[in-house]
Amino acid sequence: MSGLFISLEGPDGSGKTTQIQLLQEFLIERGYEVVLTREPGGTDISEQVRKIILDVNNEKMSNMTELLLYTAARAQLVDEIIRPALEAGKVVICDRFYDSSAVYQGIARGMGVDMVYQLNEEALQGILPDITFLMDMDAEEGIQRKKKQATLDRLEKENLEFHQKVVEGYRSLAKRNSQRIKVLNATDSIDQIQKQMRQYLLRQIEK
Ligand code: TYD
């Protein structure tokens with residue numbers, strides 16, 4: 001496997017999407033072939049699963065169903081898009097990946113981080129991110145930003161306590177996986193964040 005797999009993580013409203021687009025431009029300018037994708041979604045089947053997961057009418061969804069649906073959408077994305085792209089030597093940038101399940105389902109829903117990682121490792125068959133950028137920001141601010149943008153989906157409608165667990169969860173995962181996860185301050189300016197990402201990435205690529 002010769003490609004490079006980058007994921008971006010962070011609480012809702014942390015500005016991942018903007019940074020991903022800028023990062024893509026940077027990599028294309030440097031001559032890399034870049035595949036951009038997002039979770040949950042990124043393939044026809046995964047986008048269908050996404051609709052079920054995020055539908056505000058699905059209040060009855062159990063935690064286990066939610067976890068398995070996210071994992072199913074991800075397994076499909078890996079098989080259809082991510083693995084072939086990496087095998088072809090491309091750079092894959094994914095908006096959220098399995099750390100989202102570790103944090104939202106494992107920690108905020110209380111299902112257990114180790115179980116979530118174990119399940120995902122089975123489902124993903126060795127395709128895991130090489131580099132993960134975490135957009136770190138307090139929960140209150142992320143929710144305020146989201147409310148300004150659009151109607152909230154089923155996960156975004158969770159209470160502040162849930163989102164605080166997400167933020168804390170990410171911080172503890174980053175400590176446990178400091179080799180892979182690079183923490184950025186999501187309240188810095190767009191330019192400052194992008195600059196840090198690019199510098200970090202170049203250092204990692206040159207290693
Ligand atoms: P999305 O609209 O993609 O959120 P964002 O734009 O903030 O990335 O919605 C995805 C939601 O699903 C988001 O609230 C995080 C949540 N999520 C999980 O709970 N578990 C997961 O494994 C993934 C990938 C996302």
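FYI, the numbering just counts along the sequence from 1. Predicted model, so just to flag it, every value in this text is computed and none were measured. Order of appearance sets the numbers: ligands from 1, and atoms from 1 within every ligand.
Distance check, rounded to the nearest 0.5 Å: CE of Met64 to CZ of Arg109 gives 13.0 Å. Note that CG of Asp138 and CD1 of Ile143 are 12.0 Å apart. Values are rounded to the nearest 0.5 Å.
Residue Gln105 has at least one nitrogen or oxygen atom sitting less than 3.5 Å from a nitrogen or oxygen atom of ligand 1, judged on distance alone. Here's the thing with Glu66: none of its N/O atoms is less than 3.5 angstrom from an N/O atom of ligand 1. The distance criterion of under 3.5 Å between nitrogen or oxygen atoms is met by Arg74 with respect to ligand 1.
With respect to atom 25 (C) of ligand 1, the closest heavy atom belonging to the protein is Tyr70 CE2, 3.3 Å. Looking at atom 7 (O) of ligand 1, its nearest protein heavy atom turns out to be Arg96 NH2, 3.2 Å. Looking at atom 13 (C) of ligand 1, its nearest protein heavy atom turns out to be Asp12 OD1, 3.3 Å. Scanning the protein heavy atoms around atom 6 (O) of ligand 1, the nearest turns out to be Lys146 NZ, 3.4 Å. Nearest protein heavy-atom neighbour of atom 22 (O) of ligand 1: Ser101 OG, 2.5 Å.
Close contacts of ligand 1 with Glu39, meaning ligand atoms under 4.0 Å from a residue heavy atom, involve 3 (O), 24 (C). Annotation for ligand 1: atoms under 4.0 Å from non-hydrogen atoms of Pro40 are 10 (C). Atoms of ligand 1 lying under 4.0 Å from any heavy atom of Ser100, numbered from 1 in the order shown and given with element: 20 (N), 21 (C), 22 (O), 23 (C), 24 (C), 25 (C). If you number the atoms of ligand 1 from 1 as listed, the ones under 4.0 Å from a heavy atom of Asp153 come out as 2 (O), 9 (O). Listed by number with element, the atoms of ligand 1 under 4.0 angstrom from any heavy atom of Lys16 are 5 (P), 7 (O), 8 (O).
Between the side chains of Ser189 and Asp191, no donor N or O sits under 3.5 Å from an acceptor N or O. For Ser101 and Arg74, the side-chain atoms include at least one donor-acceptor pair closer than 3.5 Å. Checked by atom type, the side-chain pair Ser100/Glu9 shows a donor-acceptor distance below 3.5 Å. Side-chain atoms of Arg203 and Gln199 include no donor-acceptor pair closer than 3.5 Å.
The aromatic rings of Phe162 and Tyr104 are tilted relative to each other, their planes meeting at an angle between 30° and 60°.
A ring-centre distance under 6.0 Å is found for Phe97 and Phe5.
Distances from atom 3 (O) of ligand 1 to the heavy atoms of Arg38, Arg145, Glu158, Arg50 show the closest one on Arg50.
Residue Ile107 comes nearest to Gly169 through the heavy atom pair CD1-CA, 3.5 Å, listed as atom of the first residue, atom of the second, then distance.
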